[in-house]
**Student:** 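What follows is a single structure, and I will ask about it in a moment.
Predicted model only: the values in this text are computed from it and were never measured.
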Amino acid sequence: MTHPDPFFALPDRLAAKRDPALINGDARRFAAIAETLRRREGELRERLAAERLRAGGHGQAALERDLEVHRLSAELRTLGRYGVDLCLGRMVEAVSGEATYIGRLGLADAEGRRLLVDWRTPAAEPYFAATLAHPLGLASRRRYRWAAGRVSDYWDEAFGGGEGGAALDDQSAFIASLGASRSGRMRDVLGTIQADQDAIIRADARGALVVDGGPGTGKTVVALHRAAYLLHADPRVARGGVLVVGPHQSYLAYVADVLPSLGEESVRLCTPADLVAEGRDAGEEPDAEVAALKADGRMLDAVEALVAARELPPVEELEVDTDWGRLLVDEAVWDEALAAAEPGIAHNDARDLVWQALVEVLHDQLDDEVPLAELRRALAYDAKLSALVHRTWPVLDPLAAVAALWSDPRLLGRCAPWLGPEQLALLQRVEPRAWTAADLPIVDAARRRIGDSEALRVRRRRESERAAERERMDRVVEELVAAEQLGDGEGLGTMLRGTDVRTSLEDESALTALAPDELLGPFAHLVIDEAQELSDAQWRMLLARCPSGSVTVVGDRAQARGGFAETWQQRLRRAGLREVRVAPLHVNYRTPEEVMAVAAPVIRTALPAANVPESVRSSGVPVRHGRRDELDAVLEGWLAAHEDGTACVIGAPAPAHPRIRSLTPMTAKGLEFDLVVLVDPEALGDGIAGAVDRYVAMTRSTRELVILR
């Protein structure tokens with residue numbers, strides 16, 4: 001039986017924590033928060049309704065209206081997701097005795113009294129960063145555990161200077177929460193962020209920050225909360241946005257709720273394969289040697305060499321006859337025209353710039369009275385000049401360009417001179433467009449360097465539609481002007497001759513819309529998880545989307561299947577990042593001691609210097625060993641004994657059940673389960689890759705590990 005209370009639902013075993021002296025202050029604050037939330041939600045609904053009814057207008061006004069609707073809707077969703085449980089905890093200052101309540105967002109009542117301090121603000125930092133050694137001016141800290149909108153437990157930590165009405169526990173809220181059952185989504189852990197994790201979360205956005213740690217150290221939690229913090233604290237990140245890159249789709253589903261729960265709905269999540277449209281159907285490269293060749297970052301340089309070879313000025317001169325005189329297209333003309341293609345502009349996009357510049361240079365050879373538009377129209381119909389422009393700067397297809405490398409060894413040899421004859425032969429394909437995961441960074445480089453040929457066709461079709469629409473309006477205007485001259489136009493002629501009015505008559509809805517590639521970037525900040533597995537080519541693909549080099553890198557060198565002999569600084573500098581900081585995490589909060597005692601020797605045998613984190617808790621459940629044919633019995637027994645939680649079978653198919661998954665070590669990376677059953681671990685292979693796979697599989701467990709052979 002629980003104590004009847006609108007905000008507390010403490011079980012009988014925690015009867016001592018129901019003492020009014022301990023919770024009445026909280027109850028009063030919660031009541032004020034609840035009332036303010038009701039008022040705030042009402043205000044937001046009224047404002048949102050008003051914004052939606054307001055005419056959107058055009059241009060900047062329409063954009064501002066849409067942004068305001070989005071902002072109000074996002075805040076309403078955040079408030080709808082939480083109620084009073086927006087409150088994470090409180091801290092009491094040692095000198096003043098004043099209690100400050102920390103929330104997922106800031107909140108003030110109608111009189112302006114601060115009810116909740118946003119967790120991302122400097123004022124909230126002591127709540128997360130205080131330790132016994134460095135209390136940061138605090139007397140105590142309280143953390144709440146919420147269930148169904150009521151406090152089901154709370155924990156107090158005293159830092160000295162008096163307990164200040166604290167109910168002290170033998171263990172912190174964080175340690176106590178580790179044994180909670182897992183679900184298909186990452187648990188909400190904001191209220192239990194530890195001091196070492198908080199320091200990384202609040203680090204500035206400059207350069208690359210590596211969150212380095214073994215299994216269970218909270219690397220992913222830290223990185224995602226860091227993204228939310230930077231979006232709040234750094235205007236540059238807020239303006240440019242954040243992209244989170246994870247290893248596989250199961251990871252994205254697992255972490256999907258984390259950032260929305262922190263009030264951040266604009267962050268994009270993807271895998272490396274999602275960055276390229278062809279990634280949807282790309283399989284793994286079957287030949288390991290070919291995969292290694294394509295993983296070399298220099299393969300992206302081969303794309304650059306291929307395109308550069310199609311941007312060379314012609315050696316021949318051409319004379320073009322026009323109604324205004326003969327024009328000479330020589331080397332000097334081409335040099336000036338090609339200079340219009342500035343670095344960074346995609347090849348296909350630059351083609352139009354080169355053409356416009358070419359016309360302007362040739363126009364200089366004529367009398368100033370010759371209309372530029374008429375010359376441009378005349379030159380566009382000159383067959384010899386058009387053919388020469390096409391040879392000099394042809395429209396390219398990025399997929400065809402990459403396919404050409406895999407089907408023409410001589411072309412590949414010219415573009416990638418570091419490859420030997422045997423390597424050139426290995427890279428040739430009967431079906432050069434049968435894309436694999438190893439091709440994707442190269443395809444991405446081709447699309448970025450060349451431009452999307454389909455987008456170019458759509459843009460030109462749009463320009464053609466616009467020209468046709470203008471011609472139609474010209475005819476309408478001419479007819480109306482003629483009608484006025486006959487006495488039927490009611491004075492419209494003068495007005496309709498105006499350029500602005502003609503433009504406003506164009507039907508923009510008739511024009512084809514271009515859908516932007518939302519993953520193309522640029523982004524102000526990247527978060528890259530399981531980064532130890534990325535190839536040089538993948539690094540270049542990712543960093544092309546973040547020119548600032550502001551990156552949070554998450555990884556564990558001991559979990560790299562291909563080995564990771566370099567330091568993080570060496571690896572990232574080779575990838576092109578100059579400023580690299582490493583923030584290590586050494587405490588394993590997830591994996592119990594019993595499991596780590598078995599898993600640690602597995603990885604240390606292959607990698608003696610592996611950074612194996614130290615577990616801070618024991619589950620009390622020893623690792624079990626058994627026979628492979630006991631799999632069904634193990635799972636049935638666990639399901640019968642546990643009404644909630646999740647299990648994972650690695651190394652064998654699992655029976656169909658909503659709480660049981662069957663994964664490989666690779667697809668289990670980044671995930672966690674209450675029970676892990678590892679079947680036939682020796683079948684995962686030898687060497688570093690096999691050891692890493694076994695280590696990863698074992699350390700997914702938060703409670704129990706069963707090994708069947």
**Student:** Going by heavy atoms in the side chains, are Val245 and Leu542 under 4.5 Å from each other?
**Tutor:**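 In contact.
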
**Student:** Would you call Arg202-Asp198 a salt bridge at under 4.0 Å N-O?
**Tutor:**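 Here Arg202 pairs with Asp198 in a salt bridge, since their nearest N and O are under 4.0 Å apart.
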
**Student:** Do Leu678 and Leu684 come within less than 4.5 Å of each other through their side chains, counting heavy atoms only?
**Tutor:**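 In contact.
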
**Student:** Salt-bridge test for Arg447 and Glu278: reply yes if a basic N is under 4.0 Å from a carboxylate O, no otherwise.
**Tutor:**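 Looking at Glu278 together with Arg447, the answer is yes, because their closest N to O distance falls below 4.0 Å.
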
**Student:** Please check if any side-chain donor atom of Glu672 sits under 3.5 Å from a side-chain acceptor atom of Tyr254, or the reverse.
**Tutor:**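 A donor-acceptor contact under 3.5 Å links the two side chains.
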
**Student:** Is the gap between the ring centers of Phe30 and Tyr144 under 6.0 Å?
**Tutor:**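 Yes, close enough.
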
**Student:** Just by distance, no angles: are the side chains of Arg700 and Thr591 close enough, under 3.5 Å, to form a donor-acceptor pair?
**Tutor:**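 Note: Arg700 and Thr591 side chains miss the donor-acceptor criterion.
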
**Student:** Looking at every non-hydrogen atom in both residues, tell me the closest pair between Ala124 and Asp118 and how far apart they are.
**Tutor:**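 Scanning both residues, the minimum pair turns out to be CB-O, 3.4 Å.
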
**Student:** From the options Arg561, Gln559, Met698, Lys669, select the one residue that forms a side chain to side chain contact (heavy atoms under 4.5 Å, CB included) with Asp693.
**Tutor:**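 Only match with Asp693 under side chain to side chain contact (heavy atoms under 4.5 Å, CB included): Arg561.
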
**Student:** What are the two closest heavy atoms between Leu231 and Ala238, and how far apart are they?
**Tutor:**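 Nearest heavy atoms, Leu231 then Ala238: O-CB, 3.4 Å.
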
**Student:** Output, in order, the C-alpha distance, side-chain angles, deciding distance and verdict of salt bridge (charged side-chain N to carboxylate O under 4.0 Å, His left out) for Lys294 and Asp536.
**Tutor:** CA-CA 9 Å; Lys294 292 180 177 179; Asp536 286 0; over 6 Å; no

**Student:** Cationic tip of Arg143 within the cone over Tyr127's six-membered ring, i.e. under 6.0 Å and within 45° of the normal?
**Tutor:**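 Yes; both conditions hold, so Arg143 lies above the ring face of Tyr127.
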
**Student:** Using the side chain to side chain contact (heavy atoms under 4.5 Å, CB included) rule, take Leu585 and Ile200 through it: C-alpha gap first, then chi angles, then the decisive distance, then the call.
**Tutor:** CA-CA 10 Å; Leu585 293 171; Ile200 299 173; 3.7 Å; yes

**Student:** What pair of heavy atoms forms the shortest contact from Val210 to Val580, and how long is it?
**Tutor:**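 Taking every non-hydrogen atom into account, CG2-CG1, 4.0 Å.
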
**Student:** Is the shortest distance from a Lys or Arg side-chain nitrogen in Glu566 or Arg574 to a carboxylate oxygen in the other one below 4.0 Å?
**Tutor:**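 The answer is yes: the pair qualifies as a salt bridge.
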
**Student:** Could you tell me whether Arg581 and Asp212 have a side-chain N and a carboxylate O separated by less than 4.0 Å?
**Tutor:**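 Looking at Arg581 and Asp212, the cut-off is not met.
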
**Student:** Taking all atoms of both residues into account, what is the closest heavy-atom pair of Arg590 and Asn588, and its distance?
**Tutor:**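 Closest approach of Arg590 to Asn588: N-OD1, 3.1 Å.
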
**Student:** In terms of side-chain geometry, is the basic nitrogen of Asp234 or Arg206 positioned less than 4.0 Å from the acidic oxygen of its partner?
**Tutor:**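 Looking at Asp234 and Arg206, the cut-off is not met.
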
**Student:** Dump the intermediate steps for salt bridge (charged side-chain N to carboxylate O under 4.0 Å, His left out) on Glu157 and Arg142, then the final yes or no.
**Tutor:** CA-CA 7 Å; Glu157 299 162 90; Arg142 174 170 292 182; over 6 Å; no

**Student:** Applying the side chain to side chain contact (heavy atoms under 4.5 Å, CB included) test to Val276, which of Leu519, Ile442, Val443 qualifies?
**Tutor:**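 Between Val276 and the candidates, side chain to side chain contact (heavy atoms under 4.5 Å, CB included) is satisfied uniquely by Val443.
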
**Student:** Would you please test Val706 and Val676 for side chain to side chain contact (heavy atoms under 4.5 Å, CB included) and show each step?
**Tutor:** CA-CA 6 Å; Val706 178; Val676 170; over 6 Å; no

**Student:** Step by step, work out the side-chain hydrogen bond (donor to acceptor under 3.5 Å, both in side chains) result for Asp274 and Gln249.
**Tutor:** CA-CA 10 Å; Asp274 295 329; Gln249 291 297 329; 3.0 Å; yes

**Student:** Would Val553 and Leu572 count as a side chain to side chain contact (heavy atoms under 4.5 Å, CB included) if you check the C-alpha gap in whole Å, the side-chain angles of each, and the deciding distance to 0.1 Å?
**Tutor:** CA-CA 9 Å; Val553 177; Leu572 296 185; 4.0 Å; yes

**Student:** Below 4.0 angstrom, N of the basic side chain to O of the carboxylate: do Glu594 and Arg624 qualify?
**Tutor:**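 Salt bridge: no.
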
**Student:** Do you know which two heavy atoms are closest between Trp539 and Leu534, and how far apart they sit?
**Tutor:**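 Closest approach of Trp539 to Leu534, heavy atoms only: NE1-CB, 3.6 Å.
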
**Student:** State plainly whether the residues Asp156 and Arg90 are in salt-bridge range, i.e. N to O under 4.0 Å.
**Tutor:**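 Judged by the 4.0 Å cut-off on N to carboxylate O distance, Asp156 and Arg90 do not form a salt bridge.
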
**Student:** His586 and Thr217: side-chain donor and acceptor closer than 3.5 Å?
**Tutor:**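 Note: His586 and Thr217 side chains miss the donor-acceptor criterion.
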
**Student:** Which is it for Arg120 and Glu264 under the salt bridge (charged side-chain N to carboxylate O under 4.0 Å, His left out) test, yes or no, and what are the steps along the way?
**Tutor:** CA-CA 12 Å; Arg120 294 165 291 191; Glu264 300 296 347; 2.8 Å; yes

